[in-house]
Each structure stands twice: as structure tokens, then as C-alpha cells.
Amino acid sequence: MTTAPIIGMTDVPPIIEMSDIEKHFGNIIALAGVSFDVRAGECHCLLGDNGAGKSTFIKTMSGVHKPTKGTIRVNGAPVTFGSPRDAMEAGIATVFQDLAMIPLMSVTRNFFMGREPTKGRGPFRRMDIKAANATCVAAMRSMGINLRGPDQAVGTLSGGERQTVAIARAVHFGAKVLILDEPTSALGVRQTSNVLATIDRVRKQGVGVVFITHNVRHAMAVGDRFTVLNRGRTLGTAARGDITAEALQDMMAGGQDMALLEGSLGGTV
Amino acid sequence: MTTAPIIGMTDVPPIIEMSDIEKHFGNIIALAGVSFDVRAGECHCLLGDNGAGKSTFIKTMSGVHKPTKGTIRVNGAPVTFGSPRDAMEAGIATVFQDLAMIPLMSVTRNFFMGREPTKGRGPFRRMDIKAANATCVAAMRSMGINLRGPDQAVGTLSGGERQTVAIARAVHFGAKVLILDEPTSALGVRQTSNVLATIDRVRKQGVGVVFITHNVRHAMAVGDRFTVLNRGRTLGTAARGDITAEALQDMMAGGQDMALLEGSLGGTV
Amino acid sequence: QNIVVVTHGQANDPFWSVVKNGVDKAAADTGATVEYRAPETFDMVAMSQLIDAAVNQEPDGLVVSIPDADALRPAIERAVAAGIPVISMNSGSDVSADFGALLHVGQDEFDAGRIAGEALAEMGGTTAICVNQEVGNVSLDLRCEGFTEGFGGTVEVVPTANDPAQVEATVTAALQSNPEIDTIMGLGAALVGEPSIAAVEAVGRAGEVMIGTFDLSPGFLEAVSAGTAAFGIDQQQYLQGYLPVVFLAMNANFGLVPGGNVPSGPNLVTQDEAAMVVELSAQGIR
Amino acid sequence: MADTTHIAKDERIGTESFVSRLMKRPELGAIAGAILVTLFFLFTADGAMFTLSGVMNFMTPAAQLGILAIGAALLMIGGEFDLSIGSMIAFAGLIFAACVVTLGLPLIIAIPATFALAALAGTLNGAIVLKTGLPSFIVTLAFLFILRGISLVGLKLATDGSTQLRGVRDAVEGDFLRPLFSGDAFPGLFAWGAQVGIVETFANGSPKVPGIPVEILWFIALTLAATWVLLRTPYGNWIFASGGDRAAASNSGVPVRRVKISLFVLTACCATLVAIITVLDAGSTDARRGFMKEFEAIIAAVIGGCLLTGGYGSAIGAFFGSIIFGMVVIGLSYTDFDQDWFQVFLGGMLLIAVLFNNYIRKRVTGER
Amino acid sequence: MADTTHIAKDERIGTESFVSRLMKRPELGAIAGAILVTLFFLFTADGAMFTLSGVMNFMTPAAQLGILAIGAALLMIGGEFDLSIGSMIAFAGLIFAACVVTLGLPLIIAIPATFALAALAGTLNGAIVLKTGLPSFIVTLAFLFILRGISLVGLKLATDGSTQLRGVRDAVEGDFLRPLFSGDAFPGLFAWGAQVGIVETFANGSPKVPGIPVEILWFIALTLAATWVLLRTPYGNWIFASGGDRAAASNSGVPVRRVKISLFVLTACCATLVAIITVLDAGSTDARRGFMKEFEAIIAAVIGGCLLTGGYGSAIGAFFGSIIFGMVVIGLSYTDFDQDWFQVFLGGMLLIAVLFNNYIRKRVTGER
Ligand SMILES: Nc1ncnc2c1ncn2[C@@H]1O[C@H](COP(=O)(O)OP(=O)(O)OP(=O)(O)O)[C@@H](O)[C@H]1O
Ligand SMILES: Nc1ncnc2c1ncn2[C@@H]1O[C@H](COP(=O)(O)OP(=O)(O)OP(=O)(O)O)[C@@H](O)[C@H]1O
Ligand SMILES: [Mg+2]
Ligand SMILES: [Mg+2]
């Protein structure tokens, strides 16, 4: 495993390039210098143990946290994101691990929150609720969820339904980069395969995907490159084909031993 | 697949038996008649698509929801749980899908919330904070998480760390029945195998385990029986060995087709 | 008959509860149905709406206090226009006739303050504080203004809140930081007068500082009769409640009405009479 | 938040009556409360209360409170409080009266100037809250004291020592903007109504109700506008989102800061509108104006179904909440209850109204 | 909530100064605010303010407020409000005075009886809130009005028409329980102090400060007890949990209903304690006692770092919050500022104190 650029990919410049990112919360050091980049049309998996700093890292990438140190470049130009809205305007859409949904609001309103479709003009410019409802239901169905109705409050959805709303929203608005923080954690088998298929599809459309997961098999199924974090530092990046599932899994576990149950799981958890 | 009792298990009477449970929220029908039981020393997996009603079902089992219809029996006697505390006193410990943690409180305080260890007597009875901290850190370590300190606020933990707190707590207090609602969703590979090993261990100690998951391989690894829910109804119960992973996965998907990515995932998602 | 009384004083204000007792007594004596209404705080906008509400019921007589002539003018003029006999009381003697009221029963807050100030200056006061528990309440502000004019010496207005402990601490603080103060004017007997006595004792200047107050309370009157306080100003507000109702009842029955304004006060209750007044004060009559 | 468009039928949905669907909206509980209170007064109060003039009479204070309550409700939905609106009434009243009386400015200048100053104060409130992350409760509380104090000092300056500034009515006599903010609308209509006998008259033949007080029209207009904004515009969605969960909203790209600051400006402007209306109506202002109105506005919004924790509520709810409050406060005058019992009565009515509203909602929607 | 016991060192933890660790506690910001306010008055106020008698003078109202604030803080941490505590002071004062004067009961019966009735009212508040799920804001608001109204009516009944019930001092003369609730503690000590010259004396040789007012001792004792309960008992953990997230707490087995009801009872009892102390001190009670105290108590708790949304705060914070508030309110009288500026000053000081507290905390803990 090596941090050198992979042959055949160097010709595509990275859309986002993060160098030496550090992030401290008071005296807690969450990231101690992480470098990472995403190119158009690839799925770059970010892997690592619990508490390794994956979520913290992608939050600096999507403008939620300001890095304590380090630089972010978008298409080669250094940027600082003042707010998640800035990152969104740069074409970055994110599914956060906590989903960023408002429980008391309806599915549609959550789906379009911050980017509502409108019709009419001047003082009569208003939300196009019909169109929004239709879009939302269709997007959810294409992910494998049949909503009871688009006006159900998100707080009353099941865990997987809620996660699907967040994914469908990010996919709908993801322009250049799509960041998915453990998007399949609460999903059923059907929904999971839908999400993996979706990742595959948007990648082919030229979107750069950052995919965080704890499931080695999911990572191997769609990933082009794999970066592993451990205790706030990067353990290195490998391209697909350069590494086996078992080796990846060992690195994800931070090199520590696993409980002895592997036999019945067929090697990978 | 059949709902008839499985030979060899009938001699062990169920600890909890739920019959024909229905649950409506206003006009929304979440459960339309589900029967289910757990016996001592077994791991009974509850499977099903997103929104099938699994979480709603186990919430009626742990006293959070009152069922609209149906009866709950503990050791053969019908009961109604007025509050989760009642269920706890009957020996039922639950890891909820939303974890039931207070973000602003420390890990230790969350761990022991509702069942604080005390020392001293009379007006000097006080929380034994030292012992609590030590127990908590040890329980977390045995699940594969090294906490920075037991006084970190749960709100600042990573998703997987937080989930581990909830699991460690339930295992610590689980007396007769342990209910785990998607306990491994946010966990790393090492933590996941720890949780599966823990399920195996407590089962052997005679605790009945209800295990909800979307991962067929996890279910197959530790489950003794499998019940599948679909759209608020039960599709039937099967014993281990009576059903293949593939068949189970098809049932979990609610019989609907899955996106075509299976090749690279080796059959099971 | 049906008579409505609308004032700016709340039913739980010690001063206004005496007015209301007068109203109730008059109702009992004349047999008229009398309703007493007041806004929940010193609120001229709300008061004018209460007057409107009264006018809508077309009573046989209306009694109002007029602490803000501009704000209440339209409502009162509407009542007069509707043919309802109006008597003003307590405040507003200057505009009462202009608005078409039959007469005014009461005493001007400003005048009462001036008389108190003159009395205390005569007793030798040179530096005073005027303790106001509700700054911004125009009728209370007027008392301090009048006092300042009548007193002549240095007067500082000390704002406090509706809380005896706080009043006591504030007055203590004022006395501690300015030893020159030799006179305290309170705008309420129970709320300011009594704690002021305690404050003066706390700084060890009992007997050196003169204390006067508006209105009466039994505790304060006892202090007056014991000589620890100078006087309480009695507007005889019981009359302000009683007389207008009786007048309006007479007017409704027989068309009788007095020919001019009735000044109800001021009346300084000093050491000589204080002891006699205590009992009446305890019953909410003075 | 329910936009009642159903796309597909589903066996997992039971039948739901129209009433039950309606009752899920936050405002409809408040309507039930309003009906109960109306019924109560129909039985206990003088008939005059529900004549045209009686209704106008209790609607006037309700409207003044309501204008504030709409602003407070929007701000509460957006997750913040403004305790300074009561003091803002006194402050804006002083500025306005000083412009008109002391400086002799015409309304066309005085009104925008007052609003501009109020907006500035609102911005200041909002900026401090957002910049420091302190709870808006404590920041606006400080402004409650500061603005009221400044009003007192300013009044004394403007009047040479009095706390009451008079003469506004004379100063604006004949100003063309005055009818917009003061007095009664449609006087012609009502005079005609009096002639043909639709509108009651006093003995002297003048109509008992000379027109609709302008504040009632403002109140209705504001309610409609706020409802439209909340339910039908992106900005409304942002308000709900900002109040529901600030971090989630901001992570989803809602410009939370801008939304919150604009809401603080809105409440300040609502207070200013009330100040201008009452100062013009009363012809004077004093340092006690608007005392405790901040709490009444919050009460009305809460009766109307707004959550104190933000993210839920409606403008129509605040509308009916204000009417309930106004009706109870004025209604006592029309009954025979003794004034001593006023507060018991007020508290009891409030409690009964919200309990009833809650009971009805639960019954109808089947929540447990 | 930080129980500073570290079990293992970790390379993922940077060094943290002792100060910074301290500042993470909610109360320590309030201490910074208190120090700032003290410094301010040291420079601007008359020296008398910080003599022993001056300190006792501002501590007495601060202690009365503080007793309420401790109760309010615990309730706020538990996720609820009680707006009826101000009225409860009037109500409990009436009950107590009526017991003592009208019924002539000794304190040993009158005091428990008053507390019992207050506890009942607290239970009623809590039961309605929990039974209906209505916000406690609106329920206790109704009781704000109801209790105050009942106090007025009750007083008039008890006194034949006056709003002041007096004669308490005579009625309890010589009662052995009296020194516990009234007057000054340790008079002997202070008399001795005066003799040896530690305590200032008046010209006549009597000490300027005759003792420590009992309310101050109650205040300190309550603060310590509340802190102990919050940080060192299971019940304290339940309070934090109930306020932090009611559903999560209840799902984890915390008896949320019992906790909340007991907190409502506690606040009612705190109000009763203040009522008894003030009635005994003043010798009388009236219908306006405790007016607006509910808000001041909430203000003090918020200054002290309690979150309005519940789940976070401390009793020591409320302690210093009350002292800040008490000091600012009384302190102006010791300065040369024009008293007209009182409210501007009060608001400004509050704002500066919380801003400073906030600034210090952020600087020290490195939060962003
Ligand atoms: N706001 C914060 N304050 C203090 N510590 C924090 C904060 N946010 C995160 N941390 C700490 O930083 C570390 C990294 O957290 P992060 O959420 O990035 O982990 P992760 O890799 O996403 O883990 P998981 O797989 O469990 O989601 C954790 O140990 C967490 O405790
Ligand atoms: N309080 C509620 N009000 C209305 N509908 C609800 C409520 N709780 C759950 N539901 C609905 O009931 C259905 C079942 O939800 P539940 O959470 O039990 O699903 P689940 O099987 O746990 O799904 P997942 O695997 O995604 O967690 C969902 O469609 C959800 O929308
Ligand atoms: Mg994470
Ligand atoms: Mg679930």
C-alpha cells in the first residue's frame, strides 16, 4: 500500500484535494494530519475503525468544521468554506452520519430544505409543492422505499426510511462531489443494493464519490481507491486490485485482533 | 418456512411471548398483527425491509409503546408494561435504534442512567463515581472501544462509539432478555465481531436475545431462529439450518427485486 | 341602576383596593349594580379599551380616572356623546370639564406631592430621596415631580421594584452612600414606607431621617404614632370611590348632581391622629 | 407542516376523517379553544359583548396583541425569543412621537425613520445572539431593560422631565398617511350602515361603530402574509428548519443566520407598528407603554400551538391565541364577576382553553 | 457533567490547563461574571458597598432571589419551567399569615401546613403538565394568574377588605422556631466582633451588622444541597437525563414523571420558604408579594449557565447568577450615576456580565 499517485489516474486532476488536515476540539485531537483527494468519476472509499475521525474529516470537507490546520483545494484553487452552504455551492453534496434532518418537518420539506423549487414570480414566488412532492416520492421509490405519503413527518419514519431520504436528497443535488457517510448503515438489503448501484451510476456520470463504510464487501464492490484512517491519521491509500478484502479489513480494525467468530462469517464482517 | 414450533425447542418455554400485536399511530398502521417469542438461551433474529415495523415491534416489547391490540406474556403470565422501567424490572434490556442517549451527559452517566451504583447510606448515599467510571471504561474496552475518558460528553462521541455505549450498557444490565435493534449498524469490523461474540456469549449464559439486523451474514452467524416482517405483518419463522442465506435475503427484501450489483457482492449484501 | 367604574389602578394595589372598597360600599348603600374595572398594568391603551367596553353596555353612569388626558380623551368623549353621565375621579381635574364630565372627585397627584414636599421642607428636610416602585407610571412620576417642586431642596428619584426586601436594600444603599439624606418620600405605605423605616434603623439613623409616604398602611401608621415616621398622605381615596357612585345613582334616580368638583384630599395623617386611623386602615377604608 | 397532497394509496394507512386531518395542523386546536371561550361568554356575558361594537371592542386589543404575537410566533418557530418587544413599543413610541411632536416631521418621514431604527435594534439583538451563541432569552432580556430605560431617559429629555409625551394628535392632524395607521377604516360604509339600520346607533344617531379599527385590518393582513410565507415560500421552510434543528438546517444549506436576523428585525418592526398605531390613537406616549407585552405575545403564540423549543407552530394559531387572550381580558367587563376575581378568571380560562384544545386534538387524531 | 476522573492517558488528548478544565463547568462562567461586576462596583461605587454591612445589604435580596433561583434552576435542568413561583410567594404568604394570625397556630404547625399546601400546588402543576403533555410554560402561567388572584381574594376575606394582612410579628413573638426563619443568625458572635473591633459599630457601640440574615444561610445551604444532589446522587443524574431528552431518559429506565413532579414540588417549596422568611421579617403580607419574581429567578438561573432547553446547568451557577443580579440591582444606589438610567444600567450590566462570561469560557476552553 502506498501514498504515491496511481498510474492511469494522474491525468484526471482531483476535484477536491485536502492536505494535512488537522482538527482539534478543545484539547481533543480528532484529526492529526490527513491528506485525501477525490477525482471526477471515481469512488474513493474512506475506511477506518470507530472514532478514527472519518466523520470529522468529511465534515471539514463539506464546510461544517473549519480545519484547525491544513488546506482545501477545489479544482486546484485553495478555498475556505464558511458554511455548508458554501460547500454546496461548490457542488459538494453530503449525507451526514446524523443525516441532518428536522424530525418535525415533512419528508418533502426535508428533501428540499435549503434548495426549494419555486414557481411564480415577484411576491407570488412560492414553493412548488406539487412538483416537490412528486420529485421526492419518485426519488425515494427509485431507492426502494415506498413512502406512505410525502407529508409524513421525518421524525416518524423508520431509521432506514430516514436514511434513504438523506441519500436521495444528496444524490438529487450532488453536482460534482457526493459524500456519503455510512449511507447503508440502517438500510435493508434491497435499499443497500440500490444505493450501491446508485453510487456506480453517478460515478459513471462523472461525479466524484467519497464513500465511508465499515462493510469491506460494500467497499470492495464499488470502490476505486481506498484510504484507511486510524486514530486521526491516515494509514495510506490503495487502488482497487492492489489490495485484498482481508488485508483491507485488517487495516480497518486498526491492526488489533478481532473476536473469534470469523469462521462463520466467511472471512469478512 | 413454517410458523409451527420447532422440534427440540418446545421443551424450553418462552420467556416473552407476544401474540397478535397491532400498533396504530393515528391513521398509520405500523403493525398489523405480529406474533413472536423468545426463549432462554436462544438468539431470535427479527429481520425485514426498512419500515417493516421491527423497531415499533420491539418498542412494544420493551414498554415504550402500548400495543393497540394483542397480548404480551412474560413467563406465561400476561403483563402490560406501563413504562420502559417496568420492562426493565422484568429483566428486559434494550438497545434502541436511536440509542436513547443524552448528548450533553458524560459517557458514564449515560451508561448508568436509571440504575446508578451508589455507596454510603441514608442522606450520604451517593453515586459511586469512581466505580462507575471504571466499570464503564472496562465494558467499553471489552467491546473494542478505547475511550479517551469516561467524562467525555456522549454528544461528541463518534457514531460507532455512541452505539457501543448503548450496547455495553444493555449487556451490562440485561438480565433475562436482551433486545438489540440494529446494534452493529455504525460499528467498525472489530467492534462488530465483538458484538456478535458477545451475543453468542450471553446466549450461552441463558439470556434470550432478540437481534434485529439487515445483514444476512450477521444473522446467519449467530441466529437460532429467524422471523421476517414485511409491511407490518410476519412472513413466518424458520429455525437455523432450515433456510439458506439467499432465501432469507429474498424474504427480507419483501420479495421485491434487487438492483443488479449482486455479482460483485457474492450473493448476500 | 348600572354604574361602571374604570380606573388605572389594579385591584391588588393597596391604594386602589381602598377605592374599590369605597365603590363597593356605595353600591351596597345605593342598591346600584356597580362594576369596577382596571387594566392589569398601568396601560393607557388597555384602559381606553375598557372604557369602550363599558360604553358598549350603555350604563347609567360612568366613573373614570384620567391619568393621561390625550390617551383617554376619545373614549371618554365617546361615552359623553353616547349620553352617558361621566364623573372623573382621582386624576384629571384639569381636563375633566373639557371632556364633558359632570364633575371631578379627587386630588391631583402632583398637588399632593407638592403639599408633602412643602410639609417635609418645613420640618427641616434639605436632601431627600423619592422612592418610586414603578418608574414610568405617570401618576407615580407626578407624585415625585410635585414633591420635588414643593420640597425645594435636592431630591433624587430612586427607582425600585415591587419587592419589600429590594426596597429596603435599595434605601439602605442610598443612605449608606449619601449620609446627607435626611428625608425619604415613599410612594406607597406598605411597599415603600415600611421597608424604609427598617432601612433607616439598619443604618442606625432612626430619628434622624424623616419618612413620609403616600397612602396609609397600618404598620406605617403605627410607626407614625410611635414617632419613627413623619406622616402618611391620605387622599381619602375611599371617597373617590364612594362619592362618584353615589352622585351618579342620585343623578340616575332624581337628576341630582353637585355643582362643582369635590377635593378629597390631601390630608396629612401625623402622629396625633395616626393611632385612630390604624383600625380603619386595617379594614381598607383609609 | 402537512402539505395534504397524497400521491399513492397504501394498505398501511387507515381511514382518516377530514376533521382529524384538519386537527393535525397546529392552529386548529387554538380554534377549538376560541370557540369554547366564545361559547362561555355567550352564556355568561352581557349581550353587548357580541354586538358589532362589542366585537370591535375586544378585537382591538386582540389585534394589537396579535400583531406582536405573529412576529413572536415566527421568531419562536425560528427557534428564538425576543423579550424586548414590550420595551420596543415604548422605545419606538418615543422615537415616533419625538419625530412628530418635537421635530415636527411629517408621517412620511417619521414612520420610515422609526421603522429603520427598530430594524437596527432588531439586527443588533440578532447579531449579538448569533455572534456569541448566547441564548436569545438573556440577550433580549438585557434589551428589555435597556430599551425601557432609554425610553424613560429619552422621554424626560424630550419633555423636560415628564414621562409622558403628548400632542401627537394635533401634530399629525390632516397628514395623508394618518388613516393608514390610526382610527377606523370604511367610516362611510358604517355611517351608511347606521342610516339603513344595519349598524346599531347611539341615542344621538351616530353609529356605535364608526368603522373597522385599522389595527384589525393590519392584524388580519399580517396573519395572512405570515401564513403564506410560512407554508408556501422557501423562506418559510427555512424558518421551520432553523428552529427545528439549527445544526441540521445549516448542514443542509439553510442560511440560518440570515433567517434568524431577519426574524429579529420582523419582531422589532411588529412592535414598532403597534407603537405607531397606539401612539396615533392615544395621541400620547409614556414610559410604561407595552409593559409586559412581550410575555402576552409569547402566551398568545403558545396558546396558538407554537412550541417554545422552536420548529413548530403557525401564524393562524397565534391569530386565534391572541383573540382568545383578548376576549378573556376584555370579556370580564361584560360579565358580573367581581374584578377581584379577574386573575383567577383569566388563569382559569387560559387553562381551560388550552386543556380543551389539547383534549380535542388528541381525541380527534387518536394520538396517545 | 464532567466528573474529572481520568482513567488512561491517550495520545489523542492534548494538554489541558487546570483553568480550562474548570471553565468547562457551567457555573464557572457565572463566577467570572460575578468577579467582573464586583470589580466594576469596586471602582465606581461608594466604599460603603463593600463594607460588611453593605455586603449583607445586597446579599439579603440576592439570597431571597437565590432560593427561588436554585429551585428554578433544578426545574430548568429537568426540562420544565414554573412561572407560578412569584404568585406562590403571595399565596404561601397568605396561607402562612392566615395560619399564624387568623387561626393563631404556632409555627410548628403553621410552617408544615404551608409547605404541605405548596407541595400540593406544585404536584398539581406537575400532574397537569405530565398528564396532558402541554408545555409547562402555559400551565404554570395559568397558575401564575390563578394563585395571585386567589391571594387577593383570600387576603380580602381574611382582613375584611384590606390587601395587607399584618400582625404576624406579634403573633409569633417568642416562638421557638422563629429564629430559624427570621432575623439574623449568630448575633452573639457579631456583638463580640463589635466589641473587639472586627465588626464596624454605630456611634452608640451596637454592631452595624447584628448578624447574618437567615435567608443568606438558607441560600448557601440550599446551594450546597442542590449541588450535592445534582452531581453526586442518582436523583441528580435523573434530573439531567429528564431534561436532556425526555424520551431517551424514560427509555433508559429513568422515572421521568416522578422526577419532574418532585421538581415542581421543590420549586413550590422554595417559593414557600421565601414567603415564610419575608412574611416573618416584614410582619405582614400583601397581594403583591413576589410580583415578577418568577422571571427574576429564571434570569438568575440563565445568567448562571442553565440552558432554557433543559439538561444543562448547575446550582452554583444559579447561586452566582442571583448574586450578580442582586448586586447590579442594589449597586446602582451606591454609585453616582443618574438614577433615571437605572434600567439601562441594569440591562447593560447583565449583558456585559454574560458576554464576558461567555468570552472567557470560549477563550479558555478553545471552543469555536
Ligand atoms: N465536537 C467534538 N468534541 C470532542 N470530541 C469530538 C467531537 N467530535 C468528534 N470528536 C471525537 O473525535 C473522534 C473522531 O470522531 P468521528 O466522528 O470523526 O469518528 P468516525 O471515524 O466517524 O467514527 P464512526 O465510524 O464511529 O462514525 C472521536 O473519538 C470523537 O470522540
Ligand atoms: N410515531 C409514529 N407515527 C407514525 N408513523 C410511525 C411512527 N413510528 C413508526 N411509524 C411508521 O411505522 C413504520 C414502521 O417503522 P419501524 O421504525 O418499526 O420500521 P423498522 O422495521 O424498524 O425499519 P428500519 O429497518 O428502517 O429501522 C414506518 O413506515 C414508519 O413510518
Ligand atoms: Mg462517523
Ligand atoms: Mg428500525
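To find a chain, count down the sequence lines: A is the first, B the second, and so on, and within it residues start at 1.
- Interface remark: of the candidates E/I138, E/L83, E/I352, E/L350, E/I138 forms the most heavy-atom pairs closer than 4.5 Å to chain D.
- Here the side chains of E/K156 and D/D340 are in contact, with some heavy-atom distance below 4.5 Å.
- Atom CD1 in E/I128 sits 5.0 Å away from atom CG in D/L351 (nearest 0.5 Å).
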Please walk me through it: do E/F145 and D/F342 pass ring-ring contact (aromatic ring centres under 6.0 Å, His included)?
CA-CA 9 Å; E/F145 292 119; D/F342 175 74; 8.0 Å; no

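- Contacts between D/L144 and chain E at a heavy-atom distance below 4.5 Å are absent for every atom of the residue.
- Remark: D/F137 CZ to E/T309 OG1 distance equals 12.5 Å, nearest 0.5 Å.
- Of the listed residues (E/G149, E/G347, E/G348), the one with the most heavy-atom contacts under 4.5 Å to chain D is E/G347.
- By number of non-hydrogen pairs under 4.5 angstrom with chain E, the leading residue of D/L141, D/V139, D/I150 is D/L141.
- The contact between D/M292 and chain E is made entirely by side chain atoms (from C-beta outward), counting heavy-atom distances below 4.5 Å.
- Of the atoms belonging to D/F345, not a single heavy atom falls under 4.5 Å from chain E.
- In this structure, CD in D/Q343 is found 7.0 Å from OG in E/S87, a value given to the nearest 0.5 Å.
- Distance CD/D/Q339 to CG/E/L152: 9.5 Å, rounded to 0.5 Å.
- For D/L308, the part lying near chain E is the side chain, with the backbone staying farther off; criterion is any non-hydrogen pair under 4.5 Å.
- Most heavy-atom pairs under 4.5 Å with chain E, from the set D/D338, D/L346, D/I303, D/L147: that is D/L346.
- When each of D/I298, D/L307, D/I146 is scored by its heavy-atom pairs under 4.5 Å with chain E, the top score falls to D/I146.
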